[in-house]
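Only one structure is covered here, and it is reproduced in the block below.
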Amino acid sequence: MVFDLGFDFGTSGARAIAIDRSGTIRARAQTPLSAQTPEVWRDALFFLLEQIPIAVRSHVRAIAIDGTSSTGLACDRAGTAIAPPILYNDRRAAAILDRLRAIAPPNHLTISASSSLAKLLWACHSGYFAQNTPLYFLHQADWIAFLLHGQLAIGDYHNALKLGYDPETLCYPDWLFDAVPAAIQLPEIVAPGTKIATIRKNIGDRFRLPPDCAIVAGTTDSIAAFLASPARQPGEAVTSLGSTLVLKLLSRTRIDDAHFGIYSHRFGDLWLAGGASNAGGAVLRQFFGDRQLAELSEQIDPNSASPLDYYPLLEPGERFPVNDPELAPRLAPRPESDVEFLHGLLESLARIEGRGYQCLQTSGATPLTRVYSAGGGAQNRTWSAIRQRCLGVEVVASPQTEAAYGTALLAASGAGS
Ligand code: ADP
């Protein structure tokens, strides 16, 4: 019996899932992250490893790690972080966007305060890193994997997209080298799932992992969640019905449209095109608790369309599928009946989802054939039926939605490489 192990480092916690060769979960562990620091990540990694039963641990074939997108850190030659990591939600890089605009191609996806390239340039120019020191700049997943394989600095092309790496030509573009100071060493980029090395001897001995256990290149937490779903064919998509509405569609063609915040990740021979609306479940939660949502939904007839036309936002501003920073939430008129009100909200969110997939297709993505659902709203069968009517394709709850499961599958895919 062999197992593959995936680790997910998310915004509030870290999880590990071990699967067997049939994809069945054989062990799992989780821990909260008290802070987002390299020490906390390392302790969480080792804690999670210890929680996996020895019977499983001692037969692990491959390990992969996902991390939050655009969380980056600089380290020295020994792999020691030289400053606190710059986290996914850090906006300080807004200060250097004009500088980035002057060097990057127009509308490039790195021209955003949340991109790792903007964060790196901000850190270099603000004195955040010690000057003139040779440094490695890594993403969170790269650095955590380094703890296991010991090679500096190797990254994957999912995490590296927002660093400016070109997933089409599979290299860093020339303009990037002009922008980044020579003292900064960017990670060598490989495909997610590529075997990087076997486990470091001291770590393997300490946790009783097999000496030939492979550490493979990881991915971002949101792509890991996509990988957890069965979607693998062009036209298949995953809608995440969490606090916000996030759409990811597998496409034969690469599409990028900065106006709508649309960009594509390389996904083997395909492209994973995505867009994120600010509308979503957070607005449902403003009005109803989760139990109430389930009970009221049972009373809705999903076959009849609600005449109510809302735009459920928490605050003004939308990027996708309409780009309008001033777009106001529209939640009136509210009928007396809560069932009718919820029907209107779910129907309106389904229309936004439909418009989102339309927007991806209008930009050139492969037409939608099937949608898998993930997130808090995925189990709502009434909503699935409404969505199926609005989208005109089959809507199925994804049997697995955890990022750590997707990362375990990624480890399995790389086990033989
Ligand atoms: P996130 O991780 O983005 O915060 P989750 O995936 O945990 O979100 O989902 C939470 C959301 O799911 C909440 O906004 C909640 O309103 C919504 N939700 C929970 N239960 C249901 C339900 N039965 N129907 C529709 N939405 C639901």
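Note that ligands are numbered from 1 as they come in the structure, with each ligand's atoms numbered from 1 the same way.
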So which bit of S243 gets within less than 4.0 Å of ligand 1, heavy atoms only: side chain, backbone, both or neither?
both
Should the proximity of F288 to ligand 1, defined as any heavy atom under 4.0 Å, be assigned to the side chain, the backbone, both, or neither?
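For F288, there is no contact with ligand 1 at all, from either part.
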Ring centres under 6.0 Å, that's the criterion: do F207 and F46 meet it?
yes
Under 6.0 Å between ring centres: does that hold for F341 and Y310?
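Between Y310 and F341, which both carry aromatic rings, the centre distance is below 6.0 Å.
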Decide whether T239 and Y357 meet the rule of one side-chain donor and one side-chain acceptor closer than 3.5 Å.
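Yes, Y357 and T239 have a side-chain donor paired with an acceptor closer than 3.5 Å.
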S277 side chain to E318 side chain, donor-acceptor N/O pair below 3.5 angstrom:
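Indeed, the side chains of S277 and E318 share at least one donor-acceptor pair under 3.5 Å.
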May I ask you to check whether N380 has an N/O atom sitting below 3.5 Å from an N/O atom of ligand 1?
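It does: an N or O of N380 is found under 3.5 Å from an N or O of ligand 1.
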Protein heavy atom under 4.0 angstrom of atom 2 (O) of ligand 1, is there one?
no
Could you tell me how the ring of Y263 sits relative to the ring of H265: parallel (under 30°), tilted (30 to 60°) or perpendicular (over 60°)?
perpendicular
Just to be sure I'm reading this right: ignoring hydrogens, which of L342, D290, L284 gets closest to atom 15 (C) of ligand 1? Compare them by their nearest heavy atoms.
D290
Heavy-atom nearest neighbour of atom 12 (O) of ligand 1 within options G376, A378, G375
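Selected option, by shortest heavy-atom distance: G376.
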Of all the non-hydrogen atoms in the protein, which one sits nearest to atom 27 (C) of ligand 1, and at what distance?
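Sorting protein heavy atoms by distance from atom 27 (C) of ligand 1 puts L293 CD1, 3.5 Å first.
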Protein heavy atom at shortest distance from atom 16 (O) of ligand 1:
G281 O, 3.1 Å
Could you point out which residue of T68, T71, D66, D221 forms a side chain to side chain donor-acceptor pair (under 3.5 Å) with Q140?
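Going through the options one by one, the only one that passes is T68.
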Under a 4.0 Å N-O cut-off, is there an ion pair linking K119 with D90?
no
Counting from 1, what ligand 1 atoms have a heavy atom of A282 closer than 4.0 Å?
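Close to A282: 14 (O).
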Ligand 1 atoms nearer than 4.0 angstrom to some heavy atom of G377 are 12 (O), 25 (C), 26 (N), 27 (C)
